[in-house]
Amino acid sequence: MECKKYVYLFKEGNAKMRNLLGGKGANLAEMTNLGIPVPQGFTVSTEACVKYYTDDKKISEDVKNQIDEALQKLEEITGKRFGSSKAPLLVSVRSGARVSMPGMMDTILNLGLNDNTVETIAQLTNNPRFAYDSYRRFVQMFSDVVMGIEKRKFENLIEQAKEENGVKYDTELNSEDLKKLVAQFKELYKKEIGEKFPEDPKTQLIEAITAVFRSWDNPRAIVYRRLNDIPGDWGTAVNVQSMVYGNMGNTSGTGVAFTRDPATGEKKIYGEYLINAQGEDVVAGIRTPQPITKLKEDLPECFDEFMDIANKLEKHYKDMQDMEFTIEQGKLYFLQTRNGKRTAAAALKIAVDMVEDGSITKEQAVLRVEPKQLDSLLHPAFDASALKKSEVIAKGLPASPGAACGKIYFTAEEAKSHHEAGEKVVLVRLETSPEDIEGMVAAEGILTVRGGMTSHAAVVARGMGTCCVAGCGELNINEEEKIFQVKGKTYHEGDYISLDGSTGNIYGEIIKTSSPEISGYFGTFMSWADDIRKLKVRTNADTPRDAQQAIEFGAEGIGLCRTEHMFFNEDRIPKVREMIVAKTTEQRKRALDKLLPMQKEDFIGIYEAMEGKNVTIRFLDPPLHEFLPSEDEDIKALAEDMDIPFEELKSTVSYLHEFNPMMGHRGCRLTVSYPEIAEMQTRAIIEAAIEVTRNKGFNIEPEIMIPLVGELKELKYVKDIVVETANSIIKSEGIDLKYKVGTMIEIPRAALLADEIAKEAEFFSFGTNDLTQMTFGFSRDDAGRFLCDYYDKKIYESDPFAKLDQIGVGKLMEMAVKLGKSTRPDIHLGLCGEHGGDPSSVEFCHRVGLDYVSCSPFRVPLARLAAAQAQIKNPR
Ligand code: PEP
Ligand code: MG
């Protein structure tokens, strides 16, 4: 039987094989086929990684044999051999998943070096220093990445060597010093691992490939996957590529470049490089790189060739490219190309520019922008006048735009824990590394002392849309003491600073921020998305201000107005409490009478803000504990207000205490007990609609939504009250006002009996917060505390309250859609849980045939874009 192919030479692949070869492998293959100078190699597929995990974390003999065969072919192609003392083959081993996960997984360079081959390389290059420098880097990387020996231990040895030799920089250590260092590194290895450092390149290779597979499941990769919706079962491919060297003298160099500016989208080559250096030197930010345009002066022929290829790649991929290159003694090589990560502003400009110059269609443009990225466009910038008055204490590189203000913390752990405690935090680091990911996610902004525009901090922050100022060398930082000093002043942990990611300015104070303005490319781009999408986007808004904001962001109506949110004001809450604790209908009616005019005013404000667009208003749905007074002081005040004894009220309050309020006396159950609440709310909704229709001329058709329904008779009971109340007002006002009555589907029983429920409900709105809670049977308020254990143990990959559980909760939804339509073919269907602002959940809603999703105002643009992308991928 022919065995499955797990290993592909670069010339055997192409760009379409991304799922199998990973993004990097597919692009290396594509570049090879395009005739671009790429150091040759092979890719071990993502399927081999999946197999590694199913085979109990072992690389099977089958895969090992295929690696061996590919290696032999690579030796033929390059004319070099593993372990040869004439022409030794050296390779890099890098991860490459389907989508780029910068810095999340492992890389090993210079593999193939041993005590033998290092001497050959020294002779061949006539550069023993280079040979031993590569060797010590390899031993260090292999020990750290493959065997897990702490990096710090090697760095201490380097520091010691520098001290002994009285030098300041690594580059000042000569070949003899480095040779000694290699011996010390190997001793350290033996001490830590209990075995000699492996001299056999094939053993090194299998160990390195295993390490990359293993790194797919390291904690930072798992966090990154969760944040970016990347499934855990994709696996990573591994690219084994022959090495080229940028550190072979002054006609060698290495760099990274983008075909357009990744911060603004401007069409010009953008990047940086270092002469006589290896790739890691550029990314680590230890030396300050030169702008790419300077290469024209240093190595003009290489620059011209580089520009030709860069242009060719952008035309070929029809997208902005992020490229890594190395020049080895005057010869240019491309090590990688990929579609470049970019800020949201750049993404929009590039998409619009490329449509306008005819490179791509509007549909392609719409697919180019990550919906979640739009967030960063919608968030505040500094208030211009406040900024003018503030003093710049230092300036770094404007690595990722936006404004951030918060308390400074010097470790990712501190940043994370203080963020969780409700503080706004700014993470300040000498430089960041992938281990810092959780702190970076928690931070409003990131500030680093070292590193360029392509450093880890810069790339990751841009990807997340978080403000970042990088490479601010003026700061004198002491991470251990948790301070930094600048211009004679010391800033301690917990002090406030502000960062401007668009200018690189740093301010030692709190600066007010202001709302962003949306126009230009955003408007053009979003209008294309709107033309394409079929799914409507509404908003969840409870105030005229939120409604207004949502309209500015393109909301087409209100999908959920939570009336209880209107009752939290200081002047209202006593009246709501009065209503809740009332013992008689009369008492309750008195309280409701006080609430009616306020509620009516609320609705007038909202109808006016929405200018005739649909508004779905939900009846009161609070778990009662949210309103009940708990402090004696509040109970006393309320007792006085109501003119009843304190003790009596206290005992009512304790009688109303519920053990599980989320499953308690809430939603339509309140109306079943106290129909007068529904009467009051119907009155407010209808009277406000009549008033605004008359005064403003808008055609208002209120949608009254009944929450937490699980049974047809329950819905009918409440609906009858609504209809009777509404019709009598409409009749007595002599006006022709239409309204609808529908329900939320948020209890599994309602989904199961949706055909029954649809007999009374004119619309369904899926309340996926409660539906998720009740389907999983865990509390939406508390699940966060233990869900992390589920992620660690790989039981669940993501938070089902943020990203819809399509196979479980989604199955109930699909069933309810089908059943609902079987009774009422034109039933109007929406979703108003938090999932309305999550791209993959929006796509699901599109697929199952909902009419709209409703989400918070700031997520409306995201949902519009996600809906357009869903239509392109699955037209309906
Ligand atoms: C829901 O349950 O999804 C919903 C929108 O209602 P709430 O979050 O107010 O319970
Ligand atoms: Mg709910």
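Just so you know, ligand 1 is whichever comes first in the structure, and atom 1 is the first atom listed for that ligand.
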Under 4.0 Å, heavy-atom basis, I'd like to know which part of [X] is in contact with ligand 1: side chain, backbone, both or neither.
| X | result |
| --- | --- |
| Arg780 | side chain |
| Thr768 | backbone |
| Arg562 | side chain |
| Asn540 | neither |

Exercise. Can you find a non-hydrogen atom of Glu834 under 4.0 Å from ligand 1?
Worked result: no
Exercise. Within less than 4.0 angstrom of ligand 1, does Arg666 place any heavy atom?
Worked result: yes
Problem set entry | Closest to atom 1 (C) of ligand 1 among Asp621, Leu771, Asn769 (heavy-atom distance) |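 Minimum heavy-atom distance to atom 1 (C) of ligand 1 goes to Asn769.
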Exercise. Taking atom NZ of Lys716 as the centre, does the number of heavy atoms from other residues, nucleotides or ligands within less than 6.0 Å exceed 12?
Worked result: no
Seminar exercise, completed: re atom 6 (O) of ligand 1, the protein heavy-atom contact at minimum distance is Arg618 NH1, 2.9 Å
Distance under 4.0 Å to a non-hydrogen atom of [X]: what atoms of ligand 1 satisfy this?
| X | value |
| --- | --- |
| Asp770 | 1 (C), 2 (O), 3 (O), 10 (O) |
| Glu746 | 1 (C), 2 (O), 6 (O) |
| Gly767 | 1 (C), 2 (O), 3 (O) |
| Leu560 | 5 (C) |
| Met744 | 4 (C), 5 (C), 6 (O) |

Exercise. Any luck finding a side-chain donor-acceptor pair between Asn540 and Ser854 under 3.5 Å?
Worked result: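 A donor-acceptor contact under 3.5 Å links the two side chains.
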Exercise. Does any donor atom in the side chain of Asp770 or Gln773 lie under 3.5 Å from an acceptor atom in the other side chain?
Worked result: yes
Exercise. Hey, which N, O or S atom on Glu746 ends up closest to the Mg ion (ligand 2)?
Worked result: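 Considering only N, O and S atoms, Glu746 comes nearest to the Mg ion (ligand 2) through OE1.
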Exercise. Taking just the N, O or S atoms of Asp770, which one is nearest to the Mg ion (ligand 2)?
Worked result: OD2
Counting N and O atoms only, with roles assigned by atom type, does the side chain of [X] sit under 3.5 Å from a partner on the main chain of [Y], one being a donor and the other an acceptor?
| X | Y | value |
| --- | --- | --- |
| Thr563 | Arg618 | yes |
| Asn228 | Ile230 | no |
| Tyr607 | Thr693 | no |
| Arg864 | Ala529 | no |
| Glu843 | Ala870 | no |

For this session: Please determine if Cys832 has a nitrogen or oxygen closer than 3.5 Å to a nitrogen or oxygen of ligand 1.
Result: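 N/O-N/O distance under 3.5 Å: no.
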Problem set entry | Matching residue for Met705 among Phe764, Phe619, Phe763 - test: side chain to side chain contact (heavy atoms under 4.5 Å, CB included) |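 Output: one option passes, namely Phe763.
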Problem set entry | All side chain to side chain donor-acceptor pair (under 3.5 Å) counterparts of Arg225, not counting sequence neighbours |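 Side chain to side chain donor-acceptor pair (under 3.5 Å) list for Arg225, sorted by chain: Asp217.
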